[in-house]
Structure formats: structure tokens, C-alpha cells
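Beneath this line is the structure, given in C-alpha cells, with notes to follow.
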Amino acid sequence: MAKIRVYNLAHELDMDSKEVIELLNDLDIDVSSHMSTITDETAELVKGMYAGDNTAEENEEAHKEAVKAEAEKSKEEAEKAAEAAEQVETEADAEAEAEEDAVEIETPITVKEFAEEIGQAPNNLIVELMNMGVMASVNQSLDEDTLELLAEEIGVKIKFKSEEEEKASLRVGPEIEDKEEDLEVRPPIVTVMGHVDHGKTTLLDVIRESRVAGSEAGGITQHIGAYQAEVDNKKITFIDTPGHEAFTAMRARGAQITDIAILVVAADDGIMPQTEEAINHAKAAGIPIIVAINKIDKANAQPERVKQELTEYGLVPEDWGGNTICVNVSALQKQNIDELLEMIILVSEMEELKANPNRLAEGIVIEAELDKGRGPVATVLVKNGTLKVGDPLLAGLTSGRVRAMFNEYGDSLDIAGPSSAVEVLGFNEVPDAGDFVQVLEDERQARDVASDRQDEKRQAELKSDAKVSLDDLYKQIQEGEVKELNIIIKADVQGSIEALKASLLRLGTDEVTVNVIHTGVGGVNETDVNLASASNAIIIGFNVRPDNNALKAAEKEKVDIRTYRVIYKALEDIKDAMAGLLDPELREEVTGRAEVRDTFKVPDVGIIAGAYITDGHVNRNYDARLIRDGVVIHEGTISSLKRFENDVREVKSGYECGIGIENYNDIKVGDIIEFYTYKEIKRSL
């Protein structure tokens, strides 16, 4: 028996899929979504009803029967409603009374923070959680379900702060209420989620025909980005989120600001831990999930096994009788990409996504960084209204005026409507990723609000006296000298800071609490070292390096600065140090720095840097890293070291030389080359 999908029938009838589903349900035909199938006979029946094929007599008789049945039903319902009204009113009064006594909780919240909110000892809560079968530390975040069960166990009434209330607390002035006639259809915002190396970025590459993975360390996306694609004259905004577990916070932010989640699962790998996290984030955000089963071109691909695993997480594929759309794709071979895009458009039509473009813009910062030439640059996703050049902006602790806007291709824009993702120039400082962005009428008001928020943050910053380093952290914990590990994080972009911060906070134990006391975009400077010295903090630099002044100050103040390019290593070091397992025998030693003053192109060799050794010395056998504006651009080995025409083994401070970096030519005047080697240090107990 031939079958037809609901959305195809809706297309033939020139109707919305939702209307067809309602019509079929009225006929007692069980369909759950636009992807459900019905028989040709049922389709013909619907076509006949819609086309008005029934005779006038049949229609009149059916109308009379329907009116009679409706009257009887209304009478019964009225009697039941009268009985229930009194009970509902009594329950409502009781609930309202309980609501007033309830403690308001804003998630995410740690065990320690929850204990402070309800006025109980953290240890008591940990014991209760253990009795519930949940092993948690004081710094572990609790989800809403666990919090509700815990509150019930200890006899405390709680209520959760809604997303609308959270936004209201960040919003300046009353919320603008849009009239129905002012709303227009907007492009869907789609988050691509899933486990590391399952092909999320490659899938986006195919869709927008560009390369992103090649520029990321190890081919792993470590920054969040938004890109817009056009499909059949309809736009879709895609958000690519990192896959590694350390970037849970970034993926959570991606889910909160999007309309549809694309869950990428490798057909040869199946559901992995980060896939499960992505599913939970999408479900918590209440957004529809489309599963893209990727890598079906591989010999060991098992898409049916992936579907089986999905059912364990409540995602039943449509061809198995469920509501979850699953599309088998191969990003590498560009298979079934059009079908995936068609599903996105269909789901967005079902969701009826609308916004009012004729109002002051509101949005979310999804990434931010400090560019030496352009100043603070933020990637803003416009959720409602239209953002224009010249608009006064407020985002968290920062304010400014839109000086310029650019799309993902670097093209200048004057306006950006709903669902647009644009780079915005004009903030006075780098905003935090995830900040709520609001356009105000007056720039002075934006500055005043930002200033007040900065004052509040400053008062909340932590400071303490003693010094601590990773090498002796375990010893100090054992001796009871360290109860809190304070950390300062500096990174190249704001999104990495947020991800690293969230991961580090989860490392806290009963013996020591991890506190991130300061974060910032850019290289490690002397101010950071002074704060670390005053606050007994360790400085972690992610993709950035300390300058000369910072290094000298750190040596003088005995401040521990650790720099990393891959986030896993940073987490491993902190975890090992807290467990007393850190092996400091092999340590990097920076031997010197040079400033690039000119560049020379040598045939068959490449670019040679004409450099001046500003500090220390360089040896031919050392490794080198190229630093531009405080950010590490490249790490490699020295291929050549010359003084005039002669090859030399070593050049000391105060001399000029020619330096070649193996297999690397993107050297520019003003770059800093840092030389380093590794040496063994005997550990003292």
C-alpha cells in the first residue's frame, strides 16, 4: 500500500503542516509530526474534505449532529468545571502561600552555593546526596531535578528563577511587548552539537563552503562561531559549538539561544559522553532535535545501531514510530546534505519562528576578543529587533556604540535583523561571552549602568595573602595551609575563558575549593601578576604568553604562571597537582626573546626574520614560538640562525641575527619570537 508523508500532502494542498496534522487528528488518525506517513486512501479523503466534495445535504446533516453533540458535551463539562473550580481555588491559595515562603534558586548552582542560599552546611547536603545515590563535591553543579529531590529530602521549599526573570534582571527598563501584527517570520537559529571529532565542523564546511577546522589547534573547534547560509531563498543561521567536554558551558549557551539543535553522531562511533551532554542541553532548552548520523560512507558505519542507542535517551527515530528526525549523511562525501537542510526548513516552519524587526535590538554575545587594530570585537547574535550602526549598546559590564558591523565573510553591514550573527565594533571593553546585549536610547545611560555593574563586581572579587604554586600545592593542602586554590585565567578569546573556568571549578574537592578570581582577554601582564601576588593565585594563560615585565614581576613575586595551548593539559596539571601527582621534573625554560625588525625572502628557503635579541639568548637547538599581540601564532623549531652570512650556534642579548622557523613563513615586522628549551629540575619534598 502506497504511503505519503504529511509535509508532502500539506505542500499539495498549499496548507501548513500543522493544519494538516490537526485535521488528521480530528479524524482519529494518529500522526505526530510533519514526517509521519499516511496511506494514499487517507490522503485522498483529506483532499476531498479540503476541496469541499461533500454534498450540501451531507454537510448540513453533519453540522446538525455536531451541534447537538457539542451542546450535550458542554452541559457535562459545565457541571464538572463548577465542582473543580472550588478545589482549584483552594489549591491555588495553598500554592501561592507556599510560593511566598520558597527560596528562589537561580541555576546553574553548586552544592556550596545552594547550601548558602538555604542556610545549611555543605557537608550535610553532600551526605543527603550520597543517600540519594549522587556522589557530589562542594563545587559540583546540580540540575533542577536533583535540586527538587534534595529540597524535598531536607524539607526546604524552593522555586527556580525563570529565564524570563533572569533576562528581566539584566534588562534595563520595561520589556517591549510586540504586537502580533508587527511580527515577521525570521530565519531559524540552528546549533550544531555533538561529540569531538564526529564531524560537526566538516558538516558546516560543506554547508557554507569554507574551511574552519584547518585553522583550529588539532582540528578541534575551540571557539564558538555563527554563520548564515541560504537554502532555497530561505536563510538559516548556524552556530558551531565545540565538542570536547571542557566546553560544556559554551554548548549550553549555544542551546539556550537557538531554535533547533542538529545532533551530529558518527555512524562508526555511536553515542559518546559529550553526545549525551548535548542531548541534555537541547532537552533542557526545550528545542527540537534533528539527528544527523554522519560518516555513513565508512566501511564500519552502523546507522541502525546509532538509532538503537538514541532510543535509550528518549529520541525515537520517525521510521521507528517516534518523533525524532534522523538523516543519514556523509559530510566528507557531501551525501544527503540537501535532505538535512530541507528538514531544518520544515521544522522551522512548524515552530512558526517570528520576531519584530522594527524595534530596538536585543541579542546575545556568543564570542568576544581584543583585536589590537580594532579594539574590543564581539560576535553578537541578534534575537529581536534590528541592530544599526550608531546604536548605543549595553552588554553586561560593558557599554559602547556600534561603530561598525561585519558578517562572517568580513563584509561591512549597516543593519542586522533578527537571527543575524555579526561582528560588532565599538564596545569600551571586551564583553563576556553569553552577555545579554540591549540597545538603549541614550549612550550615557548605557555607560552609567555598566559602571554600576563594574563597581558591584569589584567589591565581590576575592583577595588573600599566601603564595601557592602547582609544584607544592599538594603539600600545602596536606598541611592545611591551602583551603582555596585561586586562579587567574587569561586567554585569546572570551569563549575559551568561560569553558576553562567551568571545567576548573568542577575540579574542587572536600579539601580544597577552586576559585577563579579574575579572567581577561589578552596576554598576561604585570597587573595580572600583582593581583596574583596579592590574592595567592596561579595564573593560567591559554593561547597567550606573558610579556617581559610580567615575567620579571612573576619571578620577583614568586607567582606561578602556566601557559597552555590545549585545554586538556591545563586541566590535567591542576588535577594532578591537587592529587599530589604532578611531576615537575621536566619543565619549560624560556631562554630569550627577539623582536622582528625586518623580513627577507630567500629563494628555496622561505621567509627569514631579521631580529634583535632583546632578552636572554638564542641557541640553534632551541624551540621557538611566534607571538603577535600577546597571542601565540605558531610553535616550531629553528631552521636557521645566522650572523651576517655565517651560520652560528648561539646569539646573545643586544645582537642582531637572521632567524628561520621551520616550515613557517607568516612572520611580520613587530612579531616577538620567544625561545625555549626543557630542563630537568630535581623535586624537593
Side-chain angles (χ1 to χ4, degrees), residues 5 35 37 190-222 225 229 238-248 250-251 254-255 260-283 288-344 347 566-569 572:
R5 287 197 185 271
M35 286 295 292
T37 57
V190 179
T191 299
V192 182
M193 309 172 90
H195 189 74
V196 61
D197 199 34
H198 275 200
K200 302 179 298 298
T201 306
T202 308
L203 181 63
L204 274 178
D205 286 342
V206 175
I207 293 171
R208 49 192 179 84
E209 297 180 348
S210 63
R211 296 292 299 162
V212 167
S215 65
E216 297 284 355
I220 301 171
T221 306
Q222 301 206 38
F238 287 94
I239 295 182
D240 179 25
T241 58
H244 184 262
E245 63 176 350
F247 294 89
T248 300
M250 297 172 75
R251 285 206 311 281
I260 301 169
I262 303 294
L263 182 68
V264 179
V265 187
D268 62 336
D269 208 1
I271 305 293
M272 300 299 282
Q274 285 73 46
T275 318
E276 184 181 350
E277 286 179 11
I279 292 171
N280 293 337
H281 288 315
K283 284 184 174 180
I289 300 172
I290 298 175
V291 180
I293 303 176
N294 194 20
K295 304 186 181 182
I296 59 168
D297 56 306
K298 286 199 168 186
N300 58 340
Q302 296 178 296
E304 293 303 312
R305 182 174 68 87
V306 173
K307 291 180 181 179
Q308 175 64 48
E309 291 179 352
L310 287 169
T311 60
E312 297 172 13
Y313 297 92
L315 301 177
V316 182
E318 284 197 321
D319 50 355
W320 287 20
N323 299 326
T324 304
I325 299 171
C326 294
V327 184
N328 293 342
V329 301
S330 170
L332 207 59
Q333 302 297 328
K334 302 182 180 179
Q335 293 179 24
N336 298 338
I337 304 299
D338 290 340
E339 185 181 344
L340 178 63
L341 296 174
E342 183 184 350
M343 292 302 104
I344 295 171
V347 172
V566 178
I567 197 169
Y568 322 150
K569 183 61 181 169
E572 284 172 7

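Any value given below was found using the heavy atoms of this structure, including those in side chains, with hydrogens, waters and symmetry copies removed.
Contact record, M193 with K200: C-CD, 3.3 Å, taken as the closest heavy-atom pair. Listed here is the closest heavy atom pair of A292 and L203: CB-CD2, 4.5 Å. Residues K295 and G199 come closest through the heavy atom pair CE-N, 4.5 Å.
At least one side-chain heavy atom of I344 sits under 4.5 Å from a side-chain heavy atom of I260. The shortest distance between side-chain heavy atoms of L263 and L315 falls below 4.5 Å. At a threshold of 4.5 Å between non-hydrogen side-chain atoms, the residues V327 and E339 count as touching. Counting only heavy atoms from C-beta outward, the side chains of I325 and V291 never approach each other to under 4.5 Å. When side chains are defined from C-beta on, I290 counts as touching V347, because their heavy atoms get closer than 4.5 Å. You'll find the side chain of I239 stays beyond 4.5 Å of the side chain of V192, heavy atoms only.
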Is there a side chain to side chain contact (heavy atoms under 4.5 Å, CB included) between H198 and M272? Walk through the geometry before answering. CA-CA 10 Å; H198 275 200; M272 300 299 282; 3.7 Å; yes
Please tabulate, one pair per line, all N/O donor-acceptor pairs under 3.5 Å involving side-chain atoms of residues 303-314, not counting sequence neighbours.
from, atom 1, to, atom 2, distance (Å)
R305, NE, Q302, OE1, 2.9
R305, NH1, E309, OE2, 2.7
K307, NZ, D319, OD2, 2.8
E309, OE1, I271, N, 2.7
T311, OG1, Q308, O, 2.4

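By the side-chain hydrogen bond (donor to acceptor under 3.5 Å, both in side chains) test, N328 is found to be paired with no residue, residues two or more places apart in sequence or in another chain being considered. Not counting sequence neighbours, K334 has no partner by the side-chain hydrogen bond (donor to acceptor under 3.5 Å, both in side chains) test.
For the side chain to side chain donor-acceptor pair (under 3.5 Å) with S330, the lone residue among D297, N294, T202, N336 that qualifies is D297.
Rounded to the nearest 0.5 angstrom, E342 CD and I337 CD1 are separated by 13.5 Å.
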